[in-house]
Structure formats: structure tokens, C-alpha cells
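What follows is a short report on a single structure.
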Amino acid sequence: MMATHPILTINSLSLATTSKEPLVSNVSFSLGKGESLGLVGESGSGKSLTLRAILGLLPRGVEQSGGVIETAASSAMVFQDPRGALDPLCPVVNQLAEVVYYRQRVGRKASRKIALELLEMLGLPESLKKADRYPSQLSGGQCQRVVIAMALACKPDILLCDEPTTALDVTVQRQIIETITRLQNELGFAMVFVTHNLAIAANLCSKLCVMKQGRIVEHGETQQLLHNPSDPYTQMLIDSVLPLPELEGSEAE
Ligand SMILES: Nc1ncnc2c1ncn2[C@@H]1O[C@H](COP(=O)(O)OP(=O)(O)OP(=O)(O)O)[C@@H](O)[C@H]1O
Ligand SMILES: [Mg+2]
């Protein structure tokens with residue numbers, strides 16, 4: 001594959017609490033145009049904070065204590081908890097139209113039209129296009145699709161996905177992953193995909209960074225990293241992906 005000029009470069013990023021307790025240390029990676037990078041690692045390893053730093057939206061009490069984030073690209077985030085990211089008191093189509101209105105700087109009527117097109121693009125049913133459909137009337141998978149539509153309404157160069165499928169059952173998880181892959185092919189955005197699920201990251205991303213306790217313990221091309229892990233923690237993640245047991249009588253009769 002031809003190497004592209006990075007649209008995002010993170011160099012020795014460190015994050016700490018305002019009382020100087022280190023949370024993320026010395027994280028470096030780069031992302032090319034249209035490329036997908038997976039950030040995998042255990043709970044509390046600093047994945048979400050790293051994404052928030054890229055977005056420029058660190059939570060209260062956390063600050064950048066070192067390093068540089070270089071990018072001229074726009075990014076939008078798909079948050080970990082889709083239902084929490086939606087306003088329960090506003091119909092979904094209106095919420096989406098509002099994001100289009102402010103981010104794409106088009107008129108009210110055009111915003112609504114684009115919002116309806118986005119809902120369709122995400123494979124949401126016709127019924128959700130009505131102005132009386134609230135988030136509480138949607139399934140978890142539908143909420144996640146709306147939240148992805150909202151991020152895409154910002155026309156980002158980089159889509160930051162924070163465990164977008166963790167709360168969903170495995171069949172819906174798969175559908176959402178397939179939808180994200182299709183949209184990435186259609187729209188060409190780059191992606192940083194955070195998950196604790198190595199199998200999902202390996203399926204989606206050409207490069208992986210493995211995080212543990214606020215540091216990247218290993219990074220590289222996905223295939224290389226899976227076949228030849230150099231860090232014991234990466235090996236442990238690989239070993240913890242359970243293979244399906246062989247089916248009885250699966251041999252040709
Ligand atoms: N606002 C905050 N103030 C202080 N510490 C925080 C804050 N937000 C996160 N942390 C700490 O920073 C560390 C990294 O948190 P982060 O949310 O990035 O983890 P994560 O890898 O996304 O975990 P998970 O997989 O559970 O979502 C954790 O130890 C967490 O307790
Ligand atoms: Mg997180």
C-alpha cells in the first residue's frame with residue numbers, strides 16, 4: 001500500500017490530572033488519509049482520554065502535560081454510550097437536523113433533507129423520519145446508528161469511535177461494524193477505533209496500538225502484530241480471543 005502523508009500525528013502525548021497524577025504517558029502514533037487505526041487495551045488504559053485529547057475535549061480535571069497533537073483535519077466522535085449521547089426530550093430527526101444546520105451551514109429545510117438522507121444511509125427505518133420519534137422509542141442499535149449519523153453530519157476527515165458496539169448484542173454489533181466499513185469506503189474518512197475487543201479491531205483496522213496502564217506497549221501493522229506479538233500483554237489479548245469449538249459431525253459424510 002502506498003504511504004500517505006499523515007493527517008494526524010501524535011507525538012509523545014501525556015495526560016495528567018490537574019493534581020499532576022499521570023494518566024496517559026508518551027503516546028505516539030500517526031494516521032494517514034482514509035486509514036483505520038485500532039486502539040485496544042484493558043479498561044482504564046487511557047483509550048477514551050486519548051480520543052478526547054484528539055477531539056480537544058478533555059474532561060474537567062484532566063490536562064495535557066506533554067507532547068504534541070498535530071492535525072489540520074476535522075474530527076467527530078461516536079461516544080461509548082449512544083443513548084447518553086442523545087437528548088431524550090428531542091425527536092431524533094430534529095437532533096440530527098440541528099447538527100447538520102450548525103455544522104454544514106445550510107438552511108433549515110436543507111438541514112432536514114440532509115438529516116433524512118443520513119438516516120437512510122445508516123439503514124434506519126422510515127418510521128424514524130417522523131418528528132414524533134424520541135430516543136426512548138429506539139433500540140440500542142438504532143440509537144448507535146443515529147449517533148454515527150450525527151458524527152457523519154459533521155463531515156469529519158477522522159471519525160473517532162469510542163467502543164461504539166460494546167453495549168450491543170453480537171449480531172447488532174456485526175451489522176454496525178459492517179455499516180461503518182461500508183460508509184468508510186463510500187465517504188473515505190480515516191478512523192481511530194477504540195475497543196477492548198481485539199478481534200473487532202483486527203477486522204476493521206490496518207494498524208493497531210495496544211495500550212496498557214496509560215502507555216502503548218506495542219504498535220504496528222495488524223497482521224504483523226497478530227502473527228508476531230512482541231509484548232506479553234498483546235500475546236495475552238490474542239490468547240483470550242476464544243475460538244469456536246469444532247462442530248461435531250462437521251466433517252463430510
Ligand atoms: N475526568 C477524570 N479525572 C480523573 N481521572 C480520570 C478522568 N477520566 C478518566 N480518568 C482516569 O484515566 C484513566 C484512563 O481512563 P480512560 O477513560 O481513558 O480509560 P479507557 O481505556 O477508555 O477505559 P474503558 O475501556 O473502561 O472505557 C483511568 O484510570 C481513569 O480513572
Ligand atoms: Mg473508554
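Not measured: the values here are computed from a predicted model. Along the sequence shown, the residues carry numbers beginning at 1. Whatever order the structure lists them in is the order used to number ligands and atoms, beginning at 1.
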**OP:** List the steps, then state whether side-chain contact (heavy atoms from CB on, under 4.5 Å) holds for T50 with F29.
**Re:** CA-CA 11 Å; T50 303; F29 59 80; 4.1 Å; yes
Before accepting this row, confirm whether a basic side-chain N of the pair [X]/[Y] lies closer than 4.0 Å to the acidic partner's carboxylate O.
X: E178; Y: R182; result: no
X: E42; Y: K47; result: no
X: K20; Y: E63; result: yes

Top protein contact for [atom], by heavy-atom distance:
atom: atom 4 (C) of ligand 1; value: T17 CG2, 3.9 Å
atom: atom 26 (O) of ligand 1; value: S43 OG, 2.5 Å
atom: atom 25 (O) of ligand 1; value: K47 NZ, 2.7 Å
atom: atom 11 (C) of ligand 1; value: L23 CD2, 3.8 Å
atom: atom 13 (C) of ligand 1; value: G44 O, 3.7 Å

Does the [X] side chain pair with the main chain of [Y], one donor and one acceptor, at a distance under 3.5 Å?
X: Q95; Y: C90; result: yes
X: S25; Y: S14; result: no
X: Q235; Y: S230; result: no
X: Q224; Y: E221; result: no
X: K207; Y: S30; result: yes
X: N11; Y: V68; result: no
X: Q144; Y: P164; result: yes

Original post:
Mind checking whether S45 has a heavy atom under 4.0 Å from ligand 1?
Top reply: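 True for this residue.
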**OP:** Report yes or no: does Q80 have a heavy atom closer than 4.0 Å to ligand 1?
**Re:**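 Checking ligand 1 against Q80, which is what was asked, there is a heavy-atom contact under 4.0 Å.
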Original post:
Is the closest protein non-hydrogen atom to atom 17 (O) of ligand 1 under 4.0 Å?
Top reply: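 It does; a protein heavy atom is within 4.0 Å.
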Original post:
What do you think, any protein heavy atom under 4.0 angstrom from atom 7 (C) of ligand 1?
Top reply: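 Yes, because at least one protein heavy atom sits under 4.0 Å from atom 7 (C) of ligand 1.
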Original post:
Which is closest to atom 10 (N) of ligand 1 by heavy-atom distance: L58, L49, V194?
Top reply: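 It is L49 that holds the nearest heavy atom.
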Original post:
Out of E42, E63, Q213, R60, who gets a non-hydrogen atom closest to atom 1 (N) of ligand 1?
Top reply: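 It is R60 that holds the nearest heavy atom.
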For ligand 1, is there an N or O atom under 3.5 Å from any N or O atom of [X]?
X: G61; result: no
X: P59; result: no
X: E163; result: yes

Original post:
Within S48, is some N, O or S atom less than 2.8 Å away from the Mg ion (ligand 2)?
Top reply: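 So S48 does bind the Mg ion (ligand 2) by this criterion.
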Original post:
Just heavy atoms, cut-off under 4.0 Å: does S48 contact ligand 1 by side chain, backbone, both, or neither?
Top reply: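 Near ligand 1, S48 shows its backbone as well as its side chain.
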Original post:
Heavy atom under 4.0 Å from ligand 1: found in V62's side chain, backbone, both, or neither?
Top reply: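 V62 to ligand 1: side-chain contact only, backbone stays beyond 4.0 Å.
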